[in-house]
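Data block below; observations after.
Order of listing sets the numbers, starting from 1, for every ligand and every atom in it.
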Amino acid sequence: MYDSSTTPKWISILSREEGLETAYTQNMTATLIASKNGTEIIHHRLARMGTMAIMPAAGWNELESLCLLTGSLRVTYGSETSILHPGDKLVAAPVHEHVCIVAIEDSEFLYVSSAPVFQSYQGLVNGFHELAVKISLKDGYTASHCERIRRYSLMIGCELNLNATDLLSLSCGALFHDIGKIRIPDEILMKPGKLTPEEFDIIKQHTIFGRDIMDSPENPFLNIGSKVAEQHHERYDGSGYPYGLKRDDIYLPAAIVAVVDSYDAMISNRPYQPARKKADAVREIASLSGKLYDPCVVDAFLKVVDTFAGED
Ligand SMILES: [Fe+2]
């Protein structure tokens, strides 16, 4: 039992997160433990496949450091990836390239910055949360559906060893790939029967609307994922939309979301189609490799799809 009477006077004992500022999403909790003269110490909890980004910024010349307490992290700095174990540290002063941190298992780490970051971080996290709720209200999808697409996509992106910029684009773009649907009229989006060709043309616009929303200066935290929203319905053989892009002209993170989104649609109950068995859906995706889907994405999908089971 802890005895507070023996506490040295210069230490503040803070019980869990009581009285501390906290920012959280479905898979991340960040708590500002202490700050003075601009320096901040932030405690992070990341659930498995939770992601954190560190971005370089013009004029930023501060120290950033991370020390892993528990779990393991996959850290991609530029195009180099390393695995961090408890006790491992990262130090950058300043960060020059994008850093993408993915939790391989539930992890906790301390993050120290020599200039304040927590407040803008909190704003960003709240912005993410509000948008996720807005999409789920509009589209009838739950936030967990969007998060599942993000996790599956990220597993494929890690398997393909994408660089940090593409991984961050993938994570953000997969989570908000259908954000453009908030501009599609409800009577078309929710229409129970078959869509007319004109109505389908309007639905197709969600890719362009999505790109515009994510590119907007009002949503700087979404900019990195805009190309994924724009291209996630493009197909390898050119039969997709909005542009009919083919093969390598399709942005790879968008080609990944195309596979995962199709797979998820196949195994989900929809008003117009009952859920299919996972094995059938996997077979169908494999059979469309090189036709609708990028073969290298399908190969990576087939390698990691068995691990999706524990993620549902
Ligand atoms: Fe879509």
N/O/S of Asp178 less than 2.8 Å from the Fe ion (ligand 1)?
-> yes

Nearest to the Fe ion (ligand 1) - the N/O/S atom of His232, by atom name = NE2

Between Glu234 and Tyr251, a side-chain donor and acceptor under 3.5 Å = no

Name of the residue among Asp294, Leu292, Ile285 meeting side chain to side chain contact (heavy atoms under 4.5 Å, CB included) with Val259 = Ile285

Any His98 side-chain heavy atom under 4.5 Å of Ile224 side chain | yes

Do you know which N/O/S atom name in His206 is closest to the Fe ion (ligand 1)?
-> NE2

Are side-chain N/O atoms of Glu40 and Ser35 paired as donor and acceptor at under 3.5 Å?
-> no

